[in-house]
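In this text, all values refer to a predicted model and were calculated from it rather than measured experimentally. For reference, positions follow the sequence shown, starting with 1.
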Amino acid sequence: MAPGSDRSVRVRVDEQVLALSNLDKVLYPETGFTKGEVIDYYTRISGVLLPHLADRPLTRKRWPNGVDRPPFFEKNAPRGTPPWVRTVTIASPGSSRGTEEVEYVIADRLATLVWLANLAALELHVPQWRVGPWGGVRQPDLLVIDLDPGPPADLASCCEVALLLRDLLDADGLQAWAKTSGAKGMQLYLPLAETSGDATTAYAKSLAGKLARQHPDLVVAQMTRAIRPGRVFLDWSQNNPAKTTIAPYSLRGVDQPTVSTPVTWEEVEGCRTPADLTFGPDEVLDRVERLGDLFEELGSTRQRLPPM
């Protein structure tokens with residue numbers, strides 16, 4: 001789907017007719033990357049992206065005026081959501097008494113993805129848990145460790161820490177998959193048999209604490225920002241059911257259109273500079289054509305955490 005004029009263009013996707021607007025609108029001014037190109041990327045990557053969004057309530061980060069203007073997070077389905085878009089209304093995980101309800105969008109088909117891209121929903125964030133076919137909330141089936149570098153630490157520093165984490169996980173009989181955040185850091189994913197959020201959080205916190213004690217000059221496990229410069233913060237709190245993480249293959253709303261990209265452990269081992277593992281949309285599409293979905297096994301692997 002090539003960028004067209006600024007007039008609305010009607011297209012048929014999944015038997016639904018969508019009106020796409022302002023396809024020539026530049027959303028990434030530094031590179032001239034347009035909304036039409038955003039829609040084109042999400043259309044072409046949908047085959048590997050949609051399985052990682054399936055049944056996960058979606059939080060969107062939207063940049064309707066481009067990444068050089070303020071964005072906003074959106075949890076509730078926006079006004080005018082088409083009736084064919086799947087939504088689920090559940091108690092907000094962040095609600096103190098569980099009384100606040102949110103009508104989440106579930107991106108389970110290409111038409112929904114294209115509709116969201118047309119709304120300039122550049123970033124797609126999902127929790128580590130799913131909902132069932134009737135909207136029931138399930139236990140987490142993923143554990144995520146977010147590696148956040150404090151400058152001058154960078155993505156290469158994250159790779160160094162990721163390898164140390166891999167050794168700890170291997171000692172516990174666990175396997176992890178790595179991806180870049182598409183911004184400055186990366187995440188490690190552990191697919192699990194459904195496990196409580198308390199258990200995944202406790203295990204991630206114990207790993208972070210152990211590594212921070214073993215490598216205090218490189219790793220920090222505390223959220224205090226003042227102690228992060230030059231080290232990599234292991235954010236174990238991403239496993240709180242109220243938290244979300246950038247989805248694999250999602251664009252990021254940074255100066256240039258970069259993508260949160262699954263990577264091999266060989267690539268992690270070989271990373272020397274952030275540029276080694278920084279990928280744009282075309283590069284990611286080429287990687288998927290050559291390598292397939294490096295996160296495909298997350299959908300079929302069910303590990304169990306060791307006793308704490």
Side-chain angles (χ1 to χ4, degrees), residues 1-28 33-66 71-90 101-127 130-138 244 246-253 257 259-260 281-282 284-285 288-289 293 295-296 299:
M1 185 184 306
S5 71
D6 285 346
R7 293 191 298 272
S8 177
V9 175
R10 296 174 72 82
V11 298
R12 182 177 293 275
V13 184
D14 291 339
E15 303 305 316
Q16 306 298 332
V17 176
L18 286 76
L20 307 181
S21 60
N22 301 317
L23 296 181
D24 280 341
K25 187 170 187 177
V26 173
L27 296 183
Y28 291 85
F33 201 76
T34 66
K35 187 164 80 166
E37 290 174 294
V38 168
I39 295 172
D40 179 66
Y41 167 72
Y42 274 125
T43 299
R44 295 169 63 195
I45 202 66
S46 61
V48 294
L49 169 59
L50 286 171
H52 301 296
L53 302 179
D55 298 325
R56 297 191 191 274
L58 188 63
T59 297
R60 292 84 61 200
K61 194 171 183 181
R62 292 173 55 185
W63 279 265
N65 297 307
F72 62 94
F73 275 100
E74 185 175 63
K75 290 182 178 290
N76 272 297
R79 183 178 301 177
T81 296
W84 46 263
V85 170
R86 182 187 173 194
T87 62
V88 59
T89 300
I90 58 177
E101 289 190 330
V102 177
E103 184 185 11
Y104 285 98
V105 168
I106 304 289
D108 58 355
R109 58 195 300 201
L110 175 58
T112 301
L113 205 55
V114 172
W115 169 70
L116 290 168
N118 189 56
L119 296 177
L122 302 181
E123 292 189 2
L124 308 175
H125 297 250
V126 289
R130 299 177 185 263
V131 294
W134 307 108
V137 175
R138 293 180 168 172
T244 59
I246 191 72
Y249 303 109
S250 174
L251 287 166
R252 298 308 304 261
V259 176
S260 180
D282 287 343
V284 170
L285 289 165
V288 169
E289 185 175 344
D293 177 15
F295 264 29
E296 184 177 7

Heavy-atom closest contact ([X] atom, [Y] atom, distance):
X	Y	answer
E123	G253	OE2-N, 2.8 Å
G135	V88	CA-CG2, 3.5 Å
N22	K35	O-CE, 3.7 Å
L50	A107	CD2-O, 3.7 Å
I106	T112	O-CG2, 4.1 Å
P281	P257	CD-O, 3.1 Å

*Checking side chain to side chain contact (heavy atoms under 4.5 Å, CB included) for the pair Y104/T59: CA distance, chi angles, key distance, verdict?*
CA-CA 8 Å; Y104 285 98; T59 297; 4.1 Å; yes

*Evaluate side chain to side chain contact (heavy atoms under 4.5 Å, CB included) for V48 paired with F295, printing each intermediate quantity in order.*
CA-CA 9 Å; V48 294; F295 264 29; over 6 Å; no

Taking the side chain as C-beta and beyond, is there a heavy-atom pair between [X] and [Y] under 4.5 Å?
X	Y	value
V13	W115	no
R138	D55	no
N65	K25	yes
L124	L49	yes
L116	Y42	no

*asked:* Ignoring hydrogens and geometry beyond distance, is a side-chain donor-acceptor pair present between T89 and E101 at under 3.5 Å?
replied: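 Checked: T89/E101 side chains show no N/O donor-acceptor pair below 3.5 Å.
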
With rounding to the nearest 0.5 angstrom, report the [atom1] to [atom2] distance, [X] to [Y].
X	Y	atom1	atom2	result
L113	S46	CG	OG	6.5 Å
W84	L18	CH2	CG	4.5 Å
Y28	L251	OH	CG	4.5 Å
H125	L53	NE2	CG	11.5 Å
W63	R252	CH2	CZ	7.0 Å
E74	L119	CD	CG	7.0 Å

_Main chain of K75, side chain of R60: is a donor-acceptor contact present, judged purely on distance under 3.5 Å?_
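Yes, the answer is positive, given that a donor and an acceptor are paired below the 3.5 Å cut-off.
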
*Under the 3.5 angstrom rule, does the side chain of N76 hit a backbone N or O of E103 as a donor-acceptor pair?*
yes

_Let's go through T244 and K61 carefully: what are the C-alpha distance in whole Å and the side-chain angles of both, what is the deciding distance for side chain to side chain contact (heavy atoms under 4.5 Å, CB included) to 0.1 Å, and is it a yes or a no?_
CA-CA 12 Å; T244 59; K61 194 171 183 181; over 6 Å; no

*Is there a side chain to side chain contact (heavy atoms under 4.5 Å, CB included) between T34 and E37 once you walk through the steps?*
CA-CA 5 Å; T34 66; E37 290 174 294; 3.3 Å; yes

